[in-house]
Amino acid sequence: MGLSRQYLRYVPAALFGLLGSAGGNAAMVALGGERGRGVAVAACEHVFVWDLRKGEKVLILKGLKQEARYLCPSPDGLHLAVGYEDGSIRIFNLLSGEANVTFNGHKAAVTAMQYDQLGGRLVSGSKDTDVIVWDVINESGLYRLKGHKDAVTQVLFLKEKNLLVTSGKDTLVKWWDLDTQHCFKTLVGHRTEVWGMALISEEKRLITGTADSELRVWDISYIQEEVKDPDEPESKKSKGSSPVAEKNTEEDETLELDEGPEERLLKCSKVGSIMREGRDRVVTLATDRTGKILACHGTDSVLEVFSILSQEEVQKKLEKKMKKAKKKAKKKSEEEEPEGDVELSLQEEIQRVTNIKASAKIKSFDMILSPKGELKVVLLLQNNIIESYLLNLSAQVPQAVRASKISIGGHRSDVRTLAFSSDNIAILSASAESVKIWNRSTLQCIRTMDCEYALCSFFVPGDRQVIVGTKTGKLQLYDLASGSLMETLNAHDGAVWSIALSPDQRGFVTGGADKCVKFWEFELVKDESSVQKRLSMKQVRVLQLDEDVLCVRYSPNQKLLAVSLLDCTVKIFYTDTLKFFLSLYGHKLPVLCMDISYDGALIATGSADRNVKIWGLDFGDCHRSLFAHDDSVMYLQFVAKSHLFFTAGKDGKIKQWDADKFEHIQTLEGHHQEVWCLALSPNGDYVVSASHDKSLRLWERTREPLVLEEEREMQREAEYEESVAKEDQPVVAGETQGETGLAGKKTIETIKAAERIMEAVELYREEMAKLKEHKAICKAAGKEVPYPVNPILRAYGNITPSEYVLEVFKKVRSSELEESLLVLPFSYVPDLLRLFNEYIRLGAEVELLCRALLFLLKIHFGQITSNQMLVTVIENLKKTTISRVSEARDVLGFNMAGLQHLKREIEAKDEVMFFADATDRFEEKKRKRKKKEKMILAVV
């Protein structure tokens, strides 16, 4: 097959202009060993780590296609777990920036995650209502907990007990016992969604935030503790708050299900509420790592900070109150002790510190409390800004001071227009508040200039000035060297929708909502104040039309002018006489964008009816109509010196087309929301696009040829892979749907892993049959005949077929093992059991094989037990497995004991060193003092 026409592939080169996506959250991470210096934020599919002090991006954790939704740093600060839109979770190493572990279990976006205290387990909640507990060290899923009826909003591990608390949009807060993996308690006291939740006061209290301005506080008392130690008195705090709780349960609608026998783990009763100042729902509610500070914010720009008193501080306050009460009693000369009514109110235990007012709506925050008592808060804002504040808590009136602000690298609002300079180096982007100039190679923002709401723009020939057309009908001329606004002209009475530079570069044309097309020429004018002339523009002609003008374009020879109107037609006029030449009609909705090819032969129009039409410019005949996007076509531009063109759509895709063959060449996928505009560099090597997700993306033309058939094939494969993940999950025979389930889910990877295992077992069967034949041949011939080795086994270094099966098993990802075995047909299981027996006897990969073996026994229990052939195999497995597992356990036990011994040795050594150092220092001081005394005596 000869290449009919060679197209070159465009690939993503960079993502810039975005500081942090409002859909994700901010998480503080350590930088260079300094805690709270870095902040990680989701940026579309990537995660950016910013240095708050320098305001620089220090690390990019590269994602695949899906948007990052939730970030959770590990307790040791070395890893960051990132949950994505499609439900997958990846764990990145913050030193190398690589993702080592991937978990696939959720079917929808991850909404909450938390590590346990040691960082060995990770719990995740999702929009699919499931909660999954993952084993981070073994890189596998432990179990799935089902019970919520709507998206999970928060998940919290308890430090002391093996319990988990989850809250959801279904108004429920559920308590799970992780030893037995079931929900033993459900708080049904909330009338609206529970948006946030935090544990405070050494996990004796739970605070929940809902859709109103109350933060509800619940007392938790662990029943087992009380049984263990009956002499221990209940803390004054809970004693004091019990009558309040009794009152509340009567009045408040927060009645709770008493679950009879299940009350044996803990009791949870409402104590009262703390009022927030915000009137709307809680968006984020969290404590810092020490649990001393609680903060929350709603859908506005205020973060409310509360301080939580520790046990000792509560005790001191109570004593003070008691003293005051006694004094009062003495004054009133009443003898009775007033101890009964002395108690702290909730507002005294959880005190409001201050409010931090950010410069825009807050989307997420994280905070860290330094040992000196200074609170550092980092805020991710709605309008693409990251701010950090310092709060000195020891001050009399704590005031928040803004420490840093990262804002220069992005626009506050959506970019509506883009342009390339003639040398392909500078990129202009303009939004509702500013024009920015970027260097294409470094992606640094070189200039930022304030403007009005920009709609269209271009670089003036010479690339020293830019002109921007605005929504109010003005033309703004900026000088790039000084970064200043040189001139503002009132061009149209409505928005300037389109601007086009004339091919002779002496002027330009604008089209506006006032139904006019205006022609402008550049001129040099002299101001009274300055000696030098400066660039300006003057209006030369006006073309009055019957409808609003949406887009204007010159033909390359400047003979024709195409004007797209609100009546869904495109009118073409002669430039010199402004006489009407052609009308292109056929679109059902207005044409939003168009472009004329370099030779003036074709005009392509993109419309809000989702179609692109290609017309001949000689007779105005429609060559072809293409269904281009799933939503309005927002921008269209031809590649220089070719009949290829790009379109951008509101469906978030950018597509390349061939206007001669009417073929769709390739789709550039990356943006997660509507694409507003794009710009091609004059040499056609780069495409830059801007989207509603606030990101700007640069795409680069490679030298790699693109074959359409292969492209279609890859598209079909991708569609198949997507459909596999949407199929029903495999079911285990005899299992009923309960509260728990398997953590993983069926994906294309698990199916491929199962296929690899099946192929390996088949190869093993064939090789064993061949070996038998070979032995028979050798016996018949009476001598050793050369044995043909399988090429696959030779590639692995002449290993035996059974070793090859083990190799394949070792290569299956730990997180996908169970799901792969679940789709494996039973006919392969007997062979696997025999092989497992052989491996375990040799002591190879005992842990992995036992995990696989127990899972196979669990899912194929009925068939295995009813199969007479497998009785002996199971018997043998029983013996070998028990002995090998106990051996492995002994080795681990011995190693643990050895490590603990070493730890004790090191601690003892450190103590000795500490005392020795202290003695040396004391001696040194003594010597110095004696020396000083001698010197003084000598002087005297």
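In what follows, residues are counted from 1 in the order of the sequence shown.
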Who are the side-chain hydrogen bond (donor to acceptor under 3.5 Å, both in side chains) partners of [X], not counting sequence neighbours?
{"X": "N93", "result": "none"}
{"X": "T287", "result": "none"}
{"X": "R144", "result": "D130"}
{"X": "R35", "result": "none"}

Which residues pass the salt bridge (Lys or Arg N to Asp or Glu O under 4.0 Å) test with E374, not counting sequence neighbours?
none
From CA spacing to verdict: side chain to side chain donor-acceptor pair (under 3.5 Å), T153, E193:
CA-CA 9 Å; T153 54; E193 298 97 329; over 6 Å; no
Does the side chain of [X] reach to within under 4.5 Å of the side chain of [Y], using non-hydrogen atoms?
{"X": "L346", "Y": "R205", "result": "yes"}
{"X": "V123", "Y": "T166", "result": "no"}
{"X": "L390", "Y": "K376", "result": "yes"}
{"X": "I207", "Y": "I350", "result": "yes"}
{"X": "S431", "Y": "E433", "result": "yes"}
{"X": "V155", "Y": "S124", "result": "no"}
{"X": "V305", "Y": "M367", "result": "no"}
{"X": "S307", "Y": "L393", "result": "no"}

Least distance between heavy atoms, [X] atom then [Y] atom:
{"X": "W134", "Y": "G141", "answer": "CE3-CA, 3.4 Å"}
{"X": "N384", "Y": "G20", "answer": "OD1-N, 3.5 Å"}
{"X": "R352", "Y": "M275", "answer": "NH2-O, 3.0 Å"}
{"X": "I308", "Y": "E313", "answer": "O-OE1, 4.3 Å"}
{"X": "E203", "Y": "F157", "answer": "OE2-O, 4.1 Å"}

Distance-only polar pair, side chains of [X] and [Y], donor-acceptor under 3.5 Å:
{"X": "S434", "Y": "R412", "result": "no"}
{"X": "H148", "Y": "T129", "result": "no"}
{"X": "S301", "Y": "K357", "result": "yes"}
{"X": "S359", "Y": "E387", "result": "yes"}
{"X": "R276", "Y": "S213", "result": "no"}

Under the side chain to side chain contact (heavy atoms under 4.5 Å, CB included) test, residues paired with [X] that sit two or more places apart:
{"X": "Q117", "value": "K159"}
{"X": "T180", "value": "D177, H182"}
{"X": "A400", "value": "I356, Y389, L391"}
{"X": "A26", "value": "V39, V41, S364, L380"}

Mind telling me whether F184 and W175 have parallel, tilted or perpendicular rings, with 30° and 60° as the class edges?
tilted
Per-pair distances, 0.1 Å, donor-acceptor, side chain in residues 51-59, under 3.5 Å, sequence neighbours excluded:
residue : atom : partner : partner atom : Å
D51     : OD1  : R37     : NE           : 3.2
D51     : OD1  : R53     : N            : 2.9
D51     : OD1  : K54     : N            : 3.4
D51     : OD2  : R37     : NE           : 3.3
D51     : OD2  : R37     : NH2          : 2.9
R53     : NH2  : E34     : OE1          : 3.2
R53     : NH2  : E34     : OE2          : 2.4

Side-chain donor-acceptor pairs of residues 70-79 under 3.5 Å, sequence neighbours excluded:
residue : atom : partner : partner atom : Å
S74     : OG   : D76     : OD1          : 2.5
S74     : OG   : H79     : N            : 3.2
S74     : OG   : H79     : O            : 3.3
D76     : OD1  : L78     : N            : 3.0

Reported CG-to-CG distance for the pair D219 and L266, which is rounded to 0.5 angstrom:
11.5 Å
The complete set of ring-ring contact (aromatic ring centres under 6.0 Å, His included) pairs with one or both residues in residues 111-132, sequence neighbours excluded, reads none
Just one of H297, E277, E304 clears the side-chain hydrogen bond (donor to acceptor under 3.5 Å, both in side chains) bar with N355, so which one?
E277
side-chain contact (heavy atoms from CB on, under 4.5 Å) with L206: which of V271, I200, V217, V173?
V173
Checking W50 side chain against L19 main chain: does a donor-acceptor pair fall under 3.5 Å?
yes
With a sphere of 6.0 Å drawn around NZ of K361, does it hold more than 12 non-hydrogen atoms of other residues, nucleotides or ligands?
no
